[in-house]
Amino acid sequence: MADNVNEAAPAGAPPAADAGHAAGAVDVEILEAPERGSVDELLDAGAHDELDAMRHSTAHVMAEAVLDLFPGTKLGIGPAVADGFYYDFDVPRALTPDDLAAIEVRMRESVAANHPFIRREVPFDDGRAAVEGRGQTYKVEILDDLAAKAKAAGEGSPAITFYEHGPFSDLCRGPHVASTGKIGPFKLLSVAGAYWRGDAKRPALQRIYGTVWADQEALDAFLWRRAEAKKRDHRRLGVQLDLFSFHDVSPGAAFWHPKGQKLYRLLEDSMRELQARRDYLEVSTPMLVSERLWQQSGHWDLYRENMFLFESENQTFSLKPMNCPESTFIYRSRKRSYRDLPLRYAEYGRLHRNELSGTLSGLTRVRQFVQDDAHIYVRPDQLMEEIQALLGEVREAYGWFGLTPRFSFATKPDKAIGDPALWERAERLTMEAFAASDISYELKPKDGTFYAPKIDIYIDDALGREWQMATIQIDLTMLPERFDLKYDDETGAAVRPIALHRAIYGSIERFIGILVEHFAGAFPLWIAPVQAVVIPIADRHVEPAEELASVLRSRGLRVEVDASDNRMQNKIRLAQEQKVPYMLVLGDREVEAKTATVRRRGEEKGAAQETLTWDALADRFAAEAAARGA
RNA sequence: GCCGACAUAGCUCAGCGGUAGAGCAGCUGUUUCGUAAACAGCAGGUCCUCGGUUCAAAUCCGAGUGUCGGCUCCA
């Protein structure tokens, strides 16, 4: 499968490509706008640029505070980002949370002083001299790059602009709000390392992140989302719900506990069921393979850094980081006819990728994981139909979790390999497949991999965070040519098949991490590791409770009995904390009538409750689980 | 990998140079209970690892390991 399935998604912080720096015309407009009543009014205009202008302005105010508290600080850059802003500083010492508090205090003083933002345009050389005079070497570098760029374009050095407020002046393109008093409620969030220009070879700066909003309500909402995300953190819920754990003997790899493993299996088996309907064939290929395989596939040059390698008897072996090359060995194990295609090989292979230690994070960035991977070999005339079918599989599978997939389509990059005519045809057929399936997609020109156009699938979770899930790649050359795949057509001539790489969940580990956060651990019945807890009220009800559990288990349901001598209230509390979908209370009345009283997870106090017979319960739960819906 | 922070009981955390603490969970006993915590007792620790400073280190310093926040946003 593709290289990028396991990559960390930009959780909650989608890249804001043009954050904070709108076109020059806008900045003048905002700056020269007459006095406005309030920030609310400013933002009521609805232009996102204005919120960004305020965020960027707050970054300036923060820079003022940092320069004041830490003289000699060199400034990096300070743009607006998705939910706020940051500024990179080269400060003499490491900043602490206490420093953030002190910086905030200074910032509030500056806001209270209501300094106007003043835009000043100066000739390039004057500006450069000013910046250099202040010892702002990073800014000098930025200016020199600007000049070089202008020169390359055949232009002279551009005029440059400064924005000043109070004692502070910064090289800046703008725009800004009219004055510091226009800055809304803000909060500094964290300090983190960041390289100058994102380059590990350049100096490490300290980045302070902050957030600022038009009004208190919006700030509170943001902080609530943030707190809620923390509460839902799968690393925390994984421990609370006893799903998995991590141990330092295997960084970046989960230890799956019984309940987590059940969830894992349910996801796999669901996909197996879907695949069976679509005539996939499941295969399994070795985890331990010689480096020679990667030399042939081309990964040796591009991917070696990310592979676990070791020597044995003078050979270099690797733990496979992807399944695709080995899949071709099964394809080539005999001569293939056009009648054999499409050939769909599914593989739940365990993969290892040597991710940098600092990037590991829970289940979303791991070194060891399983993909619900498949490699599909098709004739050129089968391509469109197959893509359409794959799009349908994606929609079906995401529907099981109540998720709506969004699609993007990335086309041929400049550095692509392979026959341009093949590319053109594959791209056209993919777009036709989208159209035929009535699926809209975002086109990403030239963003495909070097060997394949690709479809990426995204979802938005319950907190509105975007996650990139899986990809479908239409491989015209990598597997077919490097591994010399062929089939005989009707005339007996050897023809190259097209290979499709696809994974629907992507990494199952990562998918589970996202599901945990999306559902806040309260899984739909069909994947809940424990679907119901039977709660006997007193000791004498334990035996009938076990009987009820047996009845439900015989219908394939996952049921536990809480036979502890806790009071019923406590048993309910524990089941709630474990987010078990149903609690079945059994006391004298129920035992007498062979019934149980149903309490649903999360039910309000005093909600009306149903008492049902054991068979009725079994029927209802079995039907709900089989429906496989969120 | 790099920058910074953190690492104390199964979990969440307090203690920050002078005998290791709490709540929850666990164990034992009592309680047999009607929709989100019954009561009592007991047990539980190489204070991440290694080294250093000190009369004395969980506490200060250094190295290692792991975890967390970041490392794309171009004035």
Side-chain angles (χ1 to χ4, degrees), chain A residues 10 13-21 56 59-60 75-82 85-86 88 91 93-97 127 131 136 138-146 149 158 160-163 170-174 189-209 230 233 235-236 239-240 242 245-252 305 354-362 535-542 565-577 583-590 597-607 609:
Chain A
D18 56 348
H21 302 296
H56 183 51
H60 272 230
L75 304 175
I77 57 168
V81 290
F85 59 91
Y86 68 78
D88 287 342
V91 201
R93 69 166 172 83
L95 297 171
T96 65
V131 166
Q136 293 295 349
Y138 299 107
K139 299 289 187 187
V140 171
E141 185 178 328
I142 288 166
L143 284 177
D144 288 345
D145 282 2
L146 269 180
K149 212 184 279 177
I160 54 186
T161 52
F162 287 83
Y163 276 82
D170 193 8
L171 174 68
C172 179
R173 187 202 291 165
L189 299 173
S190 61
V191 57
Y195 299 111
W196 171 237
R197 302 202 150 174
D199 181 347
K201 294 189 214 47
R202 308 297 304 272
L205 309 178
Q206 297 187 67
R207 174 171 299 177
I208 301 178
Y209 281 95
K230 198 171 172 190
D233 190 323
R235 293 167 297 196
R236 180 193 179 91
V239 172
Q240 189 190 319
D242 198 17
S245 53
F246 286 88
H247 302 276
D248 61 10
V249 291
S250 187
E305 294 285 291
N354 196 0
E355 305 288 354
L356 294 177
S357 56
T359 63
L360 300 178
S361 179
I535 297 179
I537 287 178
D539 281 357
R540 62 181 177 281
H541 309 124
V542 168
D565 67 352
N566 284 322
R567 295 173 64 209
M568 180 200 62
Q569 282 87 339
N570 198 24
K571 293 177 183 179
I572 286 172
R573 179 163 184 268
L574 294 173
Q576 279 291 153
E577 278 177 351
M583 286 145 265
L584 307 175
V585 176
L586 216 63
D588 289 335
R589 299 198 293 265
E590 288 84 359
T597 299
V598 183
R599 185 188 208 282
R600 308 175 73 93
R601 171 178 64 198
E603 190 167 88
E604 294 297 320
K605 282 177 190 177
Q609 283 164 348

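Lettering follows sequence order; numbering is per chain, from 1. Hydrogens, waters and symmetry mates are skipped; everything else that's a heavy atom, side chains included, is used.
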Scan [X] against the nucleic acid and name what it touches under 4.0 Å (heavy atoms): base, sugar-phosphate only, or nothing.
X	answer
Arg235(A)	sugar-phosphate
Arg589(A)	base
Leu360(A)	sugar-phosphate
Glu305(A)	nothing
Gly587(A)	base
Asp170(A)	nothing
Leu356(A)	base
Gly362(A)	sugar-phosphate

I need the [X] [atom1] to [Y] [atom2] distance, nearest 0.5 Å.
X	Y	atom1	atom2	value
Met568(A)	His541(A)	CE	NE2	11.5 Å
Gln576(A)	Asn570(A)	CD	CG	12.5 Å
Tyr86(A)	Leu205(A)	OH	CG	10.0 Å
His60(A)	Asp170(A)	NE2	CG	4.5 Å
Leu574(A)	Ile535(A)	CG	CD1	8.5 Å
Arg567(A)	Ile572(A)	CZ	CD1	10.5 Å

Could you work out which one of [options] sits closest to the side chain of [X]?
X	options	answer
Ala192(A)	U32(B), A36(B), G70(B)	G70(B)
Ser361(A)	U67(B), G69(B), A75(B)	G69(B)
Lys139(A)	G69(B), C74(B), A75(B)	A75(B)
Ala194(A)	C71(B), C74(B), G34(B)	C71(B)
Ile77(A)	G70(B), A75(B), U32(B)	A75(B)
Val585(A)	A36(B), A75(B), G34(B)	G34(B)

Subject >> salt bridge (Lys or Arg N to Asp or Glu O under 4.0 Å) partners of Arg235(A), counting only residues at least two apart >> reply: Asp233(A)

Checking base pairs now: Watson-Crick or wobble, both atom distances under 3.5 Å. What partners [N]?
N	value
U54(B)	none
U19(B)	none
G4(B)	C68(B)
U49(B)	A63(B)
A25(B)	none
A38(B)	U30(B)
A43(B)	none

Let me know the distance between [atom1] of [X] and [atom2] of [N], rounded to the nearest Å.
X	N	atom1	atom2	answer
Arg173(A)	C73(B)	CZ	P	13 Å
Asp199(A)	C2(B)	CG	P	15 Å
Asp539(A)	C33(B)	CG	C1'	10 Å
Arg236(A)	C13(B)	CZ	C1'	12 Å
Lys230(A)	G69(B)	NZ	C1'	11 Å
Leu574(A)	A36(B)	CG	C1'	9 Å
Leu586(A)	G34(B)	CG	C1'	12 Å
Leu95(A)	G70(B)	CG	C1'	14 Å

What integer number of Å spans the [atom1] atoms of [N] and [M]?
N	M	atom1	answer
G45(B)	C11(B)	P	14 Å
G17(B)	C47(B)	C1'	15 Å
C6(B)	A63(B)	P	15 Å
A58(B)	A9(B)	P	15 Å
G15(B)	C74(B)	C1'	47 Å
G10(B)	U46(B)	P	8 Å
C24(B)	C39(B)	P	9 Å
U59(B)	C3(B)	C1'	26 Å

**OP:** Sequence neighbours left out, what passes side chain to side chain contact (heavy atoms under 4.5 Å, CB included) with Ser190(A)? Give chain and number order.
**Re:** Tyr209(A)

**OP:** Could you pick out which residue, Glu603(A) or Val239(A), lies toward the 5' side of RNA chain B when each is mapped onto its nearest nucleotide?
**Re:** Val239(A)

Subject >> Pro251(A) or Tyr86(A), whichever maps to the more 5' nucleotide of RNA chain B >> reply: Pro251(A)

Subject >> Leu584(A) side chain near Thr597(A) side chain, heavy-atom distance below 4.5 Å >> reply: no

Respond yes when some side-chain nitrogen or oxygen of [X] is under 4.0 Å from OP1 or OP2 of [N], and no when none is.
X	N	result
Tyr209(A)	C73(B)	no
Arg599(A)	A36(B)	yes
Arg540(A)	C33(B)	yes

Subject >> Polar side-chain contact Tyr195(A)-G1(B) base: donor and acceptor under 3.5 Å >> reply: yes

Original post:
So, does the side chain of Gln609(A) form a donor-acceptor pair with the base of G34(B) at under 3.5 Å?
Top reply: no

Original post:
Reading nucleotides 37-43 of chain B from the 5' end, what letters show protein touch, with B for base, S for backbone sugar-phosphate only, - for no heavy atom under 4.0 Å?
Top reply: BS-----

**OP:** Look at atom CZ of Arg197(A) and say whether more than 12 heavy atoms of other residues, nucleotides or ligands are closer to it than 6.0 Å.
**Re:** yes

**OP:** Give a yes or no on this: more than 12 heavy atoms of other residues, nucleotides or ligands lie within 6.0 Å of atom CZ of Arg202(A).
**Re:** yes

Subject >> Gln136(A) (side chain) donor-acceptor with Leu75(A) (main chain) under 3.5 angstrom >> reply: yes

